[in-house]
Amino acid sequence: METMEQGPYTYKYPRPSVTTDCVVFGYDGDQGLRILLIERGIEPFKGKWALPGGFIKMNETLEDCARRELQEETGLKLEYLEQFHAFSTVDRDPRGRVVTVAFLALVKTQEVVGGDDAARAQWFSLSNMPPLAFDHEEIYKKALEILRERIYFEPVGFDLLPNEFTMPELQHLYEEILGIQFDRRNFYKKMTSLDVVQEVHTDAKTDSVSEKEPKKNPVGRSPFKYIFNKKRYEELKKDGGKFEF
């Protein structure tokens, strides 16, 4: 690890090391919500699964460190990672006094490959996660808690769904994040009544449908597609509204 040269205002007190760890949630319609983990290739916890991350260099910011470590260990290159919490339990790292700053990202699932200190990189279902090294289970749970709170106030689906999506895909995403099951008709009514989704219009003629029930597709026709109404979502946020489902 790099060392800092002694300067005129350097105090001779013990100082902790700093790391960053990345909680990256990915989603696709077939596999559902997943988390990106790496298999550690070095001690401590060699062979155990962990969040991507590592020690900060003297010439980089926390954000730079998080992006670099994520790319080096998984091949995933992200411009934006959100800092969400710091973890500083005294004995959290057997290598010494280490404080970690955790970052959160939401992406569409894509191919990853292990590199640098990581023997492997892999997406895991939230229902089938292996035991995690260090205090990474605590970090993951904190990130999931934040994601579950945020889904009531922010359009999480912008980052996780295709630009055009079906209502079942949107419902499945919300169910995956919140860990609950919605009634199909109630979910449809809530989303359409809030006007936060808009149907993608095509040249094909569609039959009129009651507002009280989800639209039914004619036999052989592809499911109805929707897009997010970001402007409407922002208006509701300004009014202090919470999206109850």
- Give a yes or no on whether the backbone of Arg185 and the side-chain of Asp183 come within a donor-acceptor separation of less than 3.5 Å. yes
Hey, can you pull the donor-acceptor pairs under 3.5 Å for the side chains in residues 98-112, sequence neighbours left out?
residue: Thr100; atom: OG1; partner: Thr19; partner atom: O; Å: 3.2
residue: Thr100; atom: OG1; partner: Thr19; partner atom: OG1; Å: 2.8
residue: Thr100; atom: OG1; partner: Asp21; partner atom: OD2; Å: 2.7
residue: Lys108; atom: NZ; partner: Leu161; partner atom: O; Å: 3.3
residue: Thr109; atom: OG1; partner: Tyr27; partner atom: N; Å: 3.0

- Message: So which atom in Ala133 and which in Arg40 form the shortest heavy-atom distance, rounded to 0.1 Å?
- Response: CB-CD, 4.3 Å
- Task: Give, for atom CD1 of Ile180 and atom CD1 of Ile177, the distance between the pair rounded to the nearest 0.5 Å.
- Result: 11.0 Å
- Task: For residues Phe55 and Ser17, determine if any side-chain heavy atom of one lies less than 4.5 Å from a side-chain heavy atom of the other.
- Result: yes
- Going from CG on Leu126 to CZ on Arg34, what distance comes out if it is rounded to the nearest 0.5 angstrom? 10.0 Å
- From Cys22 atom SG to Leu51 atom CG, the distance as rounded to the nearest 0.5 Å: 8.0 Å
- Query: How long is the span from the CD atom in Glu145 to the CZ atom in Phe84, to the nearest 0.5 Å?
  - Reply: 10.0 Å
- Query: Can you name the nearest heavy-atom pair linking Cys65 to Thr20, along with the distance?
  - Reply: SG-OG1, 3.3 Å
- What is the ring orientation for Phe165 with Phe228, classed by angle as parallel under 30°, tilted 30 to 60°, or perpendicular over 60°? tilted
- Item | Connected via hydrophobic side-chain network under 4.5 Å: Met129 and Val23 | yes
- Task: Over all heavy atoms of both residues, which pair between Tyr188 and Met167 is shortest? Give the atoms and the distance, please.
- Result: CD1-CE, 3.8 Å
- Message: Can a donor-acceptor pair be found, under 3.5 Å and without considering hydrogens, that links the side chain of Glu175 to the backbone of Gln181?
- Response: no
- Task: Say whether, by atom type as modelled, one donor and one acceptor occur between the side chain of Arg97 and the main chain of Ser88 under 3.5 angstrom.
- Result: yes
- Query: To the nearest 0.5 Å, how far apart are CZ in Arg92 and CG in Asp135?
  - Reply: 4.0 Å
- Message: Check this for me, if you would: do Arg95 and Asp93 make a salt bridge, where the nitrogen-to-carboxylate-oxygen distance has to be below 4.0 angstrom?
- Response: yes
- Item | Within-4.5 Å side-chain heavy-atom neighbours: His136 and Phe87 | no
Table please: side-chain donor-acceptor pairs of residues 137-144 below 3.5 Å, with sequence neighbours left out.
residue: Glu137; atom: OE2; partner: Lys141; partner atom: NZ; Å: 3.1

- Query: Can any side-chain N or O of Thr74 pair as donor or acceptor with the backbone N or O of Leu76 at less than 3.5 Å?
  - Reply: yes
- Task: Identify, with sequence neighbours excluded, every residue that meets side-chain contact (heavy atoms from CB on, under 4.5 Å) alongside Asp195.
- Result: Asn229, Arg232
- Task: Decide yes or no on salt bridge (charged side-chain N to carboxylate O under 4.0 Å, His left out) for Glu60 and Arg68, but give the supporting numbers first.
- Result: CA-CA 10 Å; Glu60 64 184 357; Arg68 173 181 57 78; 2.7 Å; yes
- Do Lys225 and Glu199 touch side chain to side chain, with heavy atoms closer than 4.5 Å? no
- Item | Under 3.5 Å donor-acceptor, Glu73 side chain and Gly114 backbone | no
- Taking the hydrophobic residues Ile, Leu, Val, Met, Phe, Trp and Tyr, and joining any pair whose side-chain heavy atoms are under 4.5 Å apart, which ones share a cluster with Phe134? Phe45
- Task: Begin from the C-alpha positions of Val24 and Leu70 and carry the test side chain to side chain contact (heavy atoms under 4.5 Å, CB included) through to its verdict.
- Result: CA-CA 9 Å; Val24 181; Leu70 181 63; 4.0 Å; yes
- Message: For Tyr80, give me all partners under side-chain contact (heavy atoms from CB on, under 4.5 Å), at least two apart in sequence or on another chain.
- Response: Glu82
- Can you name the nearest heavy-atom pair linking Phe124 to Asn128, along with the distance? CD2-O, 3.6 Å
- Quick one: closest heavy-atom pair of Leu132 and Leu37, and the distance? CD2-CD1, 3.7 Å
- Verdict with supporting geometry, Tyr226 and Val200, side chain to side chain contact (heavy atoms under 4.5 Å, CB included): CA-CA 5 Å; Tyr226 295 84; Val200 177; 5.5 Å; no
- Task: Treating Ile, Leu, Val, Met, Phe, Trp and Tyr as nodes and any side-chain heavy-atom pair under 4.5 angstrom as an edge, say whether Ile38 and Val113 lie in one connected cluster.
- Result: no
- Any Thr166 side-chain heavy atom under 4.5 Å of Phe224 side chain: no
- Rounded distance [0.5 Å steps], CD in Gln122 versus CD1 in Ile35: 12.5 Å
- So do the side chains of Lys48 and Glu39 get within less than 4.5 Å of each other, counting heavy atoms only? no
- Item | Those residues that, when tested against Asp64, pass salt bridge (charged side-chain N to carboxylate O under 4.0 Å, His left out) (two or more places apart) | Arg67
